[in-house]
Amino acid sequence: MLERFLAQTTFESQDDFKKNFKITVPENFNYGYDVVDAWAEKYPEKKALCWTNDRGEHIDFSFAEIKEYSDSTASYFQSLGIGHGNMVMLILKRRYEFWFSIIALHKLGAVVIPATHLLTKKDIVYRANAAGIKMIVCAGEDLIINHIKEALPDAPTVETLVSVGPVVADGFDDFHKGIERAAPFVRPEHVNTNDDTSLMYFTSGTSGEPKMVIHDYLYPLGHITTGSFWHNLYEDSLHLTIADTGWGKAVWGKLYGQWIAGATVFVYDHEKFTPADMLHMIQKYRISSLCAPPTIFRFLIREDLTKYDLSSLKYCTIAGEALNPAVFDAFYKLTGIKLMEGFGQTETTLTICTFPWTTPKPGSMGLPNPQYDVDLLRPDGTKAEDGEQGQIVVRVGENRPIGLFKEYYRDPELTHEAMHDGLYYTGDVAWRDENGYYWFVGRADDVIKSSGYRIGPFEVESALMTHPAVVECAVTGMPDEIRGQIVKATIVLSKEYKDKAGDELVKEIQDHVKRVTAPYKYPRIIEFVAELPKTISGKIRRVEIRSKDDSRN
């Protein structure tokens, strides 16, 4: 399948990749027809999806079956009045119906809005009204259904509700009966242009209300790099990305780039993450490739990995948060596998990463994806030198990079703030070393300015994470009359240290940070907490910590 979109499909070096990587863009590209149906026609029996759950159920779907089910779903959705440009929200957890639905909506030219099952009534009302959502398709569970029902009176644009079961409440259409009774699907005369909107994500809102990020129909092609040249996937790969379908990480790792590469996507539908269960899945199904956020790997390295046969696992990638070198080192010692880091945003596809032909530097995001013209700029807009901190920007130019978002929906002011003068400003700060590797510092709003120094939260957090007492931490700046700001660490302690919380442990952790990193970066204030404030996607809300600190002063 890669040959349809790339003239050269294998690369030996970063220079080779930069020089020869080029995506051939079809006219009116549609992932449903041009990838899924193309595989179904060429290799109908090829396994596309290996799905299992924590109740022992297991189903394999071939590409022919994914085509058949997505066609039936598209016909069913048509009968419910869904067509080109209609907004449809999917709250489907890790249910296999997600894959039927998203491909079906692509085939209809509709707009897919994946969403987490953790949304409350307030969240659903906000999203429905902000986007003009016409239909919601959900997992049929009492809590999800109740939240949708509660939201409905305040969400007038929502016309249709669909449940995939097991509960199909009053007012909800039955998904499985619908696709069983659906008429043969006929492709619409007009589906989409490349510029049409295909996908919308609400950002996690670490610093305010979620933004509506919209992508065009070429967005899946932007993930060729993700699947083939970061995850390093082939047609015989079995790939697991640990992510709920409500998050952008799902289409990054459980759909677009993986199926373009011809890999089989593995899905473990579970209610509660348990490291031992996940390791058992890797062993049982002989998973060859794994991608997960650093938090997951932190849990995995605390397990006794000698109890599991992980010999099938050949490649591991990591994203979602910056990787602490301590996690890289521990996983490598236990498995012999180097974690290959990647960086991107809801607004982009993979932007910076460690490619298979490069040597990872623990703690570094890696090298820019040549799909994007990446640079670092100082606050005054001038180019940052190697070793100097700057905001990560993408040069847009006349030819917009494939995978870069179109805009923030219905918010031209916010769009212009992020994208102007030929640049997309990511809001993330990094520095670049002499070999061109990028090192994450933090969000621009999170960088701490203390006594003339610019201190990134991540570098202090990385030092803190090497102390055995620290399970999780968040570093923020607090106002200080003399220094401008001082460093504060909010820490969740390990079980072994919870009874030792006090001045002595504070001093021990401070001294540890002074030894591990530059002494001026040590946290002058340390607060021990039971848990850190997080978004519903699990990202730390440093803005909430800062807000609480400001209210105390």
Side-chain angles (χ1 to χ4, degrees), residues 46-54 56 58 60 94 223 225-244 249-250 252-270 272-321 323-342 350 353-366:
K46 182 172 175 52
K47 189 188 298 186
L49 192 68
C50 175
W51 180 91
T52 188
N53 64 15
D54 51 11
H58 171 227
D60 288 334
R94 294 177 176 86
H223 281 298
T225 310
T226 311
S228 294
F229 306 116
W230 178 45
H231 289 158
N232 198 25
L233 299 176
Y234 300 92
E235 291 188 19
D236 60 352
S237 299
L238 179 59
H239 177 76
L240 165 61
T241 283
I242 300 176
D244 184 280
K249 193 70 174 69
W252 276 55
K254 302 164 95 76
L255 180 60
Y256 293 139
Q258 293 65 43
W259 281 356
I260 292 176
T264 301
V265 171
F266 178 82
V267 179
Y268 178 42
D269 184 8
H270 59 280
K272 183 180 179 182
F273 171 75
T274 305
D277 287 348
M278 200 60 68
L279 290 166
H280 176 67
M281 290 296 115
I282 294 170
Q283 172 181 279
K284 179 179 179 180
Y285 288 93
R286 308 296 295 164
I287 289 164
S288 60
S289 173
L290 170 66
C291 184
T295 301
I296 297 295
F297 283 100
R298 284 200 293 269
F299 281 116
L300 294 181
I301 61 180
R302 289 172 177 264
E303 295 292 308
D304 181 0
L305 299 187
T306 62
K307 293 181 179 178
Y308 304 92
D309 177 6
L310 304 180
S311 58
S312 64
L313 196 59
K314 305 300 182 187
Y315 212 79
C316 290
T317 44
I318 192 163
E321 298 170 318
L323 170 63
N324 299 117
V327 177
F328 178 101
D329 293 337
F331 192 77
Y332 179 60
K333 288 176 184 176
L334 290 167
T335 65
I337 297 174
K338 297 176 180 179
L339 297 176
M340 309 296 269
E341 190 167 357
L350 186 71
C353 80
T354 307
F355 292 101
W357 49 80
T358 59
T359 302
K361 295 186 179 184
S364 167
M365 296 184 286

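With hydrogens and angles ignored, the 3.5 Å screen pairs a side-chain donor or acceptor of Lys254 with a backbone N or O of Ala243. Under the 3.5 Å distance criterion, the side-chain polar atoms of Gln258 are left unmatched by any main-chain donor or acceptor of Ala263.
The side chain to side chain contact (heavy atoms under 4.5 Å, CB included) test applied to Lys314 returns no partner, not counting sequence neighbours. Evaluation of the side chain to side chain contact (heavy atoms under 4.5 Å, CB included) rule for Asn232 yields Tyr234, Tyr315, Pro356 as partners, not counting sequence neighbours.
Side-chain contact between Cys291 and Trp252: absent, with no pair of heavy atoms (C-beta onward) separated by less than 4.5 Å. Put simply, the side chain of His239 does not reach to within 4.5 Å of the side chain of Ile287, judged on heavy atoms. Side-chain contact between Asp269 and Trp51 is present, with heavy atoms from C-beta onward closer than 4.5 Å. Side-chain contact between Asp277 and Tyr268 is present, with at least one heavy-atom pair separated by less than 4.5 Å. A 4.5 Å side-chain heavy-atom check between Phe297 and Leu290 finds at least one atom pair inside the cut-off.
Between the SG atom in Cys353 and the CE atom in Met340 there is a gap of 8.0 Å [rounded to 0.5 Å]. Summarising the geometry, atom OG belonging to Ser228 is positioned 12.5 Å from atom NE2 belonging to His223; distances are rounded to the nearest 0.5 Å.
Remark: the His58 side chain and the Thr52 side chain contain no N/O donor-acceptor pair separated by less than 3.5 Å.
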Q.
Leu323 vs Leu339, test: side-chain contact (heavy atoms from CB on, under 4.5 Å). Steps then yes/no.
A. CA-CA 9 Å; Leu323 170 63; Leu339 297 176; 4.2 Å; yes
Q: Report the C-alpha separation of Met278 and Leu240 in whole Å, then their side-chain angles, then the decisive distance to 0.1 Å, and conclude whether the side-chain contact (heavy atoms from CB on, under 4.5 Å) test is met.
A: CA-CA 10 Å; Met278 200 60 68; Leu240 165 61; 3.9 Å; yes
Q: Show the numbers, then the answer: is there a side-chain contact (heavy atoms from CB on, under 4.5 Å) between Lys307 and Leu279?
A: CA-CA 9 Å; Lys307 293 181 179 178; Leu279 290 166; over 6 Å; no
(Q) If you apply the rule side-chain contact (heavy atoms from CB on, under 4.5 Å), what do you find for Phe331 with Ile337, and how did you get there? (A) CA-CA 7 Å; Phe331 192 77; Ile337 297 174; 4.0 Å; yes
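For Phe299, the CZ atom is loosely surrounded, since the number of other residues' heavy atoms within 6.0 Å does not exceed 12.
Contact record, Asp309 with Arg286: OD2-NH1, 3.2 Å, taken as the closest heavy-atom pair. Taking each heavy atom of Cys50 and Leu238 in turn, the nearest pair found is CB-CD1, 4.3 Å. Scanning both residues, Pro294 and Ala319, for their nearest heavy atoms gives CD-O, 3.6 Å.
Ring geometry, Trp357 versus Phe229: the interplanar angle falls from 30° to 60°, so the pair is classed tilted.
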